[in-house]
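Each remark here refers to the structure printed beneath this line.
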Amino acid sequence: MALKSKTRARQFIAALLTERLDPGRAAAAVFLGIFVGIVPIYGFQTLAAVGLALLFRLNKPLTLASTFINNPLFLPLIVVSSVELGSFLRSGSFQPWNLAALTRAHMKEEFLSFVVGSLVLGVLVGGVGAAITALIVHLRAPRNPGLRERIRFVNRTFAQSARFDRGFVRWKLRLDRIFGLLAAEDLGSGTVVDLGCGYGMALCFAAFGDSSRHLSGCDLNTHRIAVARRALSTLNADVSVGDVRHFELPPAGLILILDVLQYLSAEEQLALLQRCCSALAPQGRLIFRVHDCERGLWSAITMAFDRLLFSCERAGTRPLMLSAEQYRNVLEGAGMQVESRRFRNRLPLAHILFIAKRPLAEIAS
Ligand SMILES: C[S@@+](CC[C@H](N)C(=O)[O-])C[C@H]1O[C@@H](n2cnc3c(N)ncnc32)[C@H](O)[C@@H]1O
């Protein structure tokens with residue numbers, strides 16, 4: 001019993017310490033903690049820090065720890081810096097530091113300078129603390145172990161392609177976070193199908209570590225398919241010029257549709273997703289990426305980028321995105337276990353990655 005509660009307590013503390021520790025969130029926690037620690041709300045700093053951490057869903061221990069910038073050692077420095085900074089901001093010059101002035105007629109003025117100065121000092125020191133934290137968390141974050149090797153493998157596979165195509169592959173691997181997300185997923189076994197495969201980079205990525213894995217893909221773009229055919233010739237690949245709407249799907253362990261659904265009408269998108277679900281082997285996965293339409297400005301930028309791409313490609317249609325709920329409904333309707341990952345790319349594009357797994361139980365029933 002005692003052992004159980006000890007384990008639970010340890011798990012709880014571990015969860016608290018690691019909650020929301022990506023660079024951005026950790027930086028926000030440190031910024032808030034330092035700011036709260038510096039502004040003169042003595043006696044309420046802990047309460048304020050925990051309240052704000054709860055409100056903004058930040059790492060609570062980190063927020064709280066950052067308020068300890070206000071400690072007996074630093075307090076005199078914080079007060080003096082605040083008063084001086086406040087005086088400078090209010091009157092344009094620093095005040096000769098005089099403790100006695102605080103107790104005389106200047107008290108109100110000095111206090112006002114102290115409050116103004118502490119707010120600005122809180123933002124400045126908080127900002128520096130946040131930047132350092134973001135850097136440290138970023139550098140310490142565990143790297144996706146297989147990613148580098150997979151990327152090298154893809155670059156090597158396309159090394160003999162023409163310069164432009166080779167460069168495109170290299171830059172896409174560098175800029176597109178999809179590859180990091182794919183490397184973190186279980187890409188299963190069995191045939192990989194990539195619908196609208198372009199250069200076939202994702203097929204190659206999935207074949208890393210198993211060059212006999214059967215790869216199958218299609219795309220309307222003849223040039224890209226020609227590049228893919230040549231590059232993937234050392235693998236067990238079968239790529240062809242074809243329309244995803246009529247592509248005959250083989251039984252597959254993994255089906256990918258990356259940035260292609262928006263070329264189709266709503267009915268075509270839903271029908272294709274249903275077909276994919278039926279073609280999956282037990283435990284097989286359908287992974288597809290679409291725009292995230294619920295990210296405000298980022299969604300608008302993503303849509304504008306796609307419109308530009310469509311007009312360059314003379315697609316003859318406008319990109320059409322369904323809501324995340326519609327995608328989820330069709331997958332769940334087909335009996336799939338669905339997960340989704342919202343993410344922002346290095347280019348400021350907002351996407352959702354859907355991962356739909358065909359359960360074993362559904363097959364058995
Ligand atoms: C934005 S690119 C994505 C390529 C690839 N999936 C990737 O992630 O690198 C979209 C691709 O979809 C292809 N495409 C669009 N409509 C298609 C269709 N109906 N059938 C097959 N391919 C299509 C285009 O030719 C283009 O290569």
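Index from 1, following the sequence. Note that ligands are numbered from 1 as they come in the structure, with each ligand's atoms numbered from 1 the same way. All of these numbers come straight from a predicted model, not from anything done at the bench.
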Legend entry - Between Arg166 and Ser161: side-chain donor-acceptor atoms closer than 3.5 Å: no
Inset, instruction - Say whether Asp259 and His291, considering side chains only, have a donor N or O and an acceptor N or O under 3.5 Å apart. - result: no
Legend entry - Ring-ring centroid check Phe168 Phe158, cutoff 6.0 Å: no
Inset, instruction - Kindly say whether the aromatic ring centers of Phe310 and Tyr263 come within a distance under 6.0 Å. - result: yes
Inset, instruction - Apply ring-ring contact (aromatic ring centres under 6.0 Å, His included) to Phe305 and list each qualifying residue two or more places apart in sequence or on a separate chain. - result: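 Residues passing ring-ring contact (aromatic ring centres under 6.0 Å, His included) with Phe305: none at all.
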Enumerate the pairs of nitrogen or oxygen atoms, one from ligand 1 and one from the protein, separated by less than 3.5 angstrom; state names and distance to 0.1 Å.
unit_1: ligand 1; atom_1: 6 (N); unit_2: Gly196; atom_2: O; d: 2.7
unit_1: ligand 1; atom_1: 6 (N); unit_2: Leu258; atom_2: O; d: 2.9
unit_1: ligand 1; atom_1: 19 (N); unit_2: Asp243; atom_2: OD1; d: 3.0
unit_1: ligand 1; atom_1: 20 (N); unit_2: Val244; atom_2: N; d: 2.9
unit_1: ligand 1; atom_1: 22 (N); unit_2: Leu220; atom_2: N; d: 3.4
unit_1: ligand 1; atom_1: 25 (O); unit_2: Asp219; atom_2: OD1; d: 2.6
unit_1: ligand 1; atom_1: 27 (O); unit_2: Asp219; atom_2: OD1; d: 3.1
unit_1: ligand 1; atom_1: 27 (O); unit_2: Asp219; atom_2: OD2; d: 2.8
unit_1: ligand 1; atom_1: 27 (O); unit_2: Arg224; atom_2: NH1; d: 2.6

Legend entry - Within 6.0 angstrom of Arg318 CZ, more than 12 heavy atoms from elsewhere: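 Open.
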